[in-house]
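Numbered from 1 within each chain, the chains take letters A, B, ... in sequence-line order.
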Amino acid sequence: MRWSQAFIPTLRQDPADAEAASHRLLVRGGFIRQLMSGSYSLLPLGRRVAAKVEAIVRAEMNAIGGQEFLLPVVHPGEVWKRTGRWDTVDEIMVKFRDRRGVDLLLAITHEEIFTLLAAELSSYRQLPQLWYHLQTKFRDEPRPKAGLLRVREFTMKDSYSFDVDQAGLDRQFDNHYAAYTRIFRRTGLEPLAVQASSGVMGGSESVEFMVPSEAGEDLIAVCRSCGYAGNVERAASVPAPVEDAPWDGPPERFPTPGVRTIAALEAHGDFAAAGRQIKTMAYVVDGRLTLVLLRGDHEVMEQKLIDGLGTQNIRPGHPDEIREALGALPGSLGAVGVTGFPVIVDPALRGRRNMVTGANQDDWHLRGVTVERDIAVDRWLDVRRVEAGEGCSACGAPLEVFKAIEVGHIFKLGTKYSEALGARVLDEEGRECPIIMGSYGIGVGRQVAAVVEAHHDEAGIVWPVSVAPFEVVVTSVAADAGTTAAAEEVYRGLLERGIEALIDDREERPGVKFADAELIGIPFRITVGPRRLAEGKAEVMRRQGRVTEEMALEEAAARVAAAVIAER
RNA sequence: CGGGCUGUAGCGCAGCUUGGCAGCGCACCUGCUUUGGGAGCAGGGGGUCGCCGGUUCGAAUCCGGCCAGCCCGACCA
C-alpha cells in the first residue's frame, strides 16, 4: 500500500474526549472514528487489525472442530419469548416492530437462534457439534466508555457447543479454554482465567479471561501463592477474624441518638467496632422484602445475591417500605426477633457473639447479640465483597485485587435453551434428552483495544506482528530520484516475499513520517535516505523499544522479511 | 437513573462575565525556499456558533426548552 493513497487520518493532538490509552491512540492513529455513543466506524487500519484478530480466532476455533456460520442480527421477538429473555433482558435490548407489527429485536447474543438450528439434530450420533460465527451484536449499554473497550455495537465471535452428556460439555469447555489461551497468546495478550459469575446466562460454570489493566472495568481477586483467581462478583476469601468478648446474657437495648451509619456507631466504644457490628441491608427480592446481614466492616456484592438467590429481580428497598415493614429506617435496622421476612446471613457471622445491631427503632441499637441464638437465619450465603489483603480461601495467602479487561468468557449452559426451544436428541438407549450446551465469546474490538492497552509507549501503538495493520513501513526521506528508486526497490522486495508492506511516499518531512509510523505502530520501519544510501545502506528500526540497526540496502528486504515471518 | 462538565472550521481551543464585523494554533489549497525527527515566508479556501423558541434595534453571548457527547457512580452475558 502507498501511504500517499491510503486513508490514514492521523491527528497531531489527542482527541479531547479520550482518556484510555487505546481510545486515544486508535482515534489519533486513524484506526477508528466515533459515530455516536458506543458506536465506532472501523477505518482501513482498524479493519486490517480486526481482520487479523478474526483470522486468528477462526483458525483456533476451526482447530478444535468449529464450523463457521453466519446468523442474522435481527431476530423475531417470538423466539426470545420462548426462552423468556424477551422480558428478562429488557433494558439492554433494542426492540422494534416491522411494517406488519411483528416484534423484532437486535441480537445481543445468539443462543436462541443457534439452538433453533440445533433442533434439527435428532441423534446422539450427530454429536458433538461445535458451531460459531463472527457477527455484530447490539447492546444498549447504559454507559459506553473508553473507545472500543465498552461499546454498544460490536463484533463478537460466539460459539455454541452441543453434546449428549456432561462429559462432552466438559471436553468442549476444556477445548475452548485451550483455544482461547492460544488465541490470546497469539495476539499478544496475557490474560488470567478467573472464576466468574454466569449472570443472566444461567449455567453451572463460567470462566472469564481477564487482562490486567487500569482501563479495565472489572475487579478480579488473585492469589499469587496458589494461582486462585476470581472476579470479585464471585470470588471468596477468608476475612481477618474478630475476637468476641464473652457475653451470655440476652440482647440489651441502648440509646444511639442520631446514629445512622456503621462509623457513627463505632464512636460508642470498642464493643461497637465495625467488625463487631451486624450490618442489616433491606432488599426487595422478587417483590418480597428480604434482610441481608453482613459483618459491619464488610460490603455486600449484589451479584452474589443475584446468583445465590437465582433471580435478577433484586433492588434495594425504598425507605418508606422498609419503615412500614420493620418500623425503622436504614441505619437502625436489625434482624433480632424478625420473622416473616427471609433473613440471609453471610457466613462471616457464623458463631459470632456479643454483637451490636439496629433495634428496628430509630435512635436505638442492641448489644450482646449472639447470631445463631438471636436471629432466625433462613439461609447462610456468601454475599460479601472480597477485599485486597484478605486470605485466599484455598491457601490462606493474601489476595490481590486489581482492575482487568474481560476479553473472553466461556459458559457451561446446560439445557436451558435446548429445553425451551426443543433441541433434543435420542441417546444410545433411545431416550429423548435435551442437548447439553455451552457458549463461548470473544469480543473482537475489545481485544484490539486490549492489545493497545498492553502494547503502547509515549510515541504510539506498538503492534505485535501478528495483528499489525502492516508488518513493515518503508520510509523514504527524500524526494530525489535515487532515494525514491531505492525505497521502491526495497518495497518491491518486501511484497515479493509476501510481506504486508506500506511505503511512505508522501511529500512530507521526515519528522512527520517518523512520528506517524510510530503512532500507527508498524513493527518494522526501513528508512531509505540519501545519507546512508551513499554508503549503500538502509536503517531498520524495530518499533518495540525503537532500536535501530544499519544494514546493506540490498539485504534489507530479505532480512526484515525473515524477522517478520519469524514473529507472525 | 443520580451527580459533574462540554457542544464555536477536519482536530485542539479562545470569545460568552459586560449583547455590536466569528477568531487563534494545527490541518487543507497555491507559489517559492527547505528536506534524517511534527519546516519557513507569502497568498488563499473553509463555520446552520448543537437544535427550537423567547427577550432585544441587534444574540455565539441573556432567558426557557430540547438534543448530543464526555467523566464519576448506579448498572452491565
Side-chain angles (χ1 to χ4, degrees), chain A residues 7 9-20 23-24 27-28 30 33-39 83 85 88-93 107-112 137-147 149-152 154 156 158 160 196-203 206-208 217-218 231 233 302-303 306-307 312 314-316 406 408-413 416-417 438-443 446 459-460 475-480 483-484 487 504 506-519 525-534 537-539 541 546 548 550:
Chain A
F7 183 63
T10 58
L11 304 175
R12 185 174 295 207
Q13 288 164 302
D14 280 336
D17 55 6
E19 304 251 320
H23 184 193
R24 202 163 41 78
V27 172
R28 261 192 73 195
R33 285 294 183 264
Q34 182 171 0
L35 176 62
M36 58 179 172
S37 180
S39 175
T83 60
R85 292 209 292 183
T88 56
V89 289
D90 188 54
E91 62 296 334
I92 62 166
M93 197 152 73
I108 57 168
T109 176
H110 283 80
E111 278 80 8
E112 276 77 358
K137 310 284 187 263
F138 193 97
R139 298 180 187 174
D140 193 6
E141 300 285 357
R143 188 146 104 80
K145 58 184 280 202
L149 280 176
R150 183 172 194 72
V151 292
R152 296 193 294 172
F154 58 99
M156 180 167 174
D158 41 324
Y160 304 86
S197 158
S198 300
V200 307
M201 297 296 299
S206 91
V207 169
E208 289 172 329
E217 296 188 281
D218 287 271
N231 192 306
E233 289 183 348
E302 286 189 20
Q303 190 65 45
I306 290 167
D307 293 342
Q312 286 282 302
I314 289 183
R315 63 169 172 84
E406 177 192 344
H409 201 161
I410 57 181
F411 297 88
K412 291 185 181 177
L413 289 178
K416 171 178 173 175
Y417 299 94
S439 85
Y440 318 86
I442 290 182
R446 182 179 284 182
T475 304
S476 168
V477 293
D480 66 274
T483 305
T484 303
D504 194 349
R506 296 177 297 169
E507 291 178 20
E508 288 288 354
R509 300 176 65 82
V512 173
K513 295 187 176 189
F514 294 153
D516 273 346
E518 284 160 30
L519 174 62
R525 183 181 84 204
I526 302 177
T527 308
V528 180
R531 198 184 288 171
R532 289 190 177 67
L533 190 56
K537 290 181 172 173
E539 179 193 274
M541 190 182 89
R546 290 203 266 185
T548 62
E550 280 187 21

(message) Judged by each residue's nearest nucleotide on RNA chain B, which is more toward the 5′ side, A:Pro142 or A:Arg12?
(response)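 Counting from the 5' end, the first nearest nucleotide belongs to A:Arg12.
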
(message) Both A:Pro510 and A:Glu217 contact RNA chain B. Taking the nearest nucleotide for each, which residue is further toward the 5' end?
(response) A:Pro510

Atom [atom1] of [X] to atom [atom2] of [N]: distance rounded to whole Å?
X        : N      : atom1 : atom2 : answer
A:Glu141 : B:rG69 : CD    : P     : 15 Å
A:Leu35  : B:rG69 : CG    : P     : 10 Å
A:Asp140 : B:rC1  : CG    : P     : 11 Å
A:Asp516 : B:rA27 : CG    : C1'   : 12 Å
A:Arg506 : B:rU35 : CZ    : C1'   : 15 Å
A:Ile92  : B:rC1  : CD1   : C1'   : 16 Å
A:Asp218 : B:rA74 : CG    : P     : 12 Å
A:Arg24  : B:rC71 : CZ    : C1'   : 16 Å

Any-strand Watson-Crick or G-U partner of [N], both distances under 3.5 Å:
N      : value
B:rG25 : B:rC11
B:rG69 : B:rC5
B:rC62 : B:rG54
B:rA42 : B:rU30
B:rU48 : none
B:rC75 : none
B:rC16 : none

Given [options], the nucleotide with the shortest approach to the side chain of [X]:
X        : options                : value
A:Pro15  : B:rG69, B:rG38, B:rG12 : B:rG12
A:Arg509 : B:rA39, B:rC71, B:rG37 : B:rA39
A:Leu11  : B:rC11, B:rG37, B:rC75 : B:rC11
A:Glu302 : B:rA39, B:rC70, B:rC75 : B:rC75
A:Pro530 : B:rC72, B:rG38, B:rG36 : B:rG36
A:Asp17  : B:rC70, B:rG38, B:rG36 : B:rC70
A:Gln13  : B:rG12, B:rA27, B:rG36 : B:rG12
A:Arg143 : B:rG38, B:rA74, B:rG37 : B:rA74
A:Glu508 : B:rC70, B:rG36, B:rC28 : B:rC28

[N] and [M]: how far apart are their [atom1] atoms, nearest whole angstrom?
N      : M      : atom1 : value
B:rA14 : B:rG25 : C1'   : 11 Å
B:rG7  : B:rC75 : C1'   : 26 Å
B:rU8  : B:rG12 : C1'   : 12 Å
B:rG50 : B:rC5  : C1'   : 16 Å
B:rC70 : B:rU34 : C1'   : 42 Å
B:rU48 : B:rA59 : C1'   : 15 Å
B:rC63 : B:rU56 : C1'   : 12 Å
B:rG45 : B:rC52 : P     : 28 Å

(message) Working to the nearest 0.5 angstrom, can you tell me the gap between A:Ile92 CD1 and A:Arg152 CZ?
(response) 12.0 Å

Measuring only between side-chain heavy atoms, which start at C-beta, is [X] closer than 4.5 Å to [Y]?
X        : Y        : answer
A:Leu413 : A:Glu111 : yes
A:Arg85  : A:Thr109 : yes
A:Asp516 : A:Glu508 : no

(request) Go through the steps to decide whether A:Lys137 and A:His110 satisfy the test side-chain hydrogen bond (donor to acceptor under 3.5 Å, both in side chains), and finish with yes or no. (result) CA-CA 9 Å; A:Lys137 310 284 187 263; A:His110 283 80; 3.0 Å; yes

What's [X] touching, base or sugar-phosphate or nothing? Going by heavy atoms closer than 4.0 Å.
X        : value
A:Ala517 : nothing
A:Thr475 : nothing
A:Ala478 : nothing

I want to check one thing: is the phosphate of [N], taken as OP1 and OP2, less than 4.0 Å away from some side-chain N or O of [X]?
X        : N      : result
A:Gln34  : B:rC70 : yes
A:Lys145 : B:rG69 : no
A:Ser37  : B:rA68 : no

Where the side chain of [X] meets the backbone of [Y], is there a donor-acceptor pair that is under 3.5 Å apart?
X        : Y        : answer
A:Gln34  : A:Met36  : yes
A:Lys513 : A:Arg506 : yes
A:Arg525 : A:Thr475 : no
A:Arg28  : A:Leu11  : yes

May I ask you to verify whether the side chain of [X] and the base of [N] hold a donor-acceptor pair under 3.5 Å?
X        : N      : result
A:Arg28  : B:rG10 : no
A:Asp14  : B:rG12 : no
A:Arg525 : B:rG37 : yes

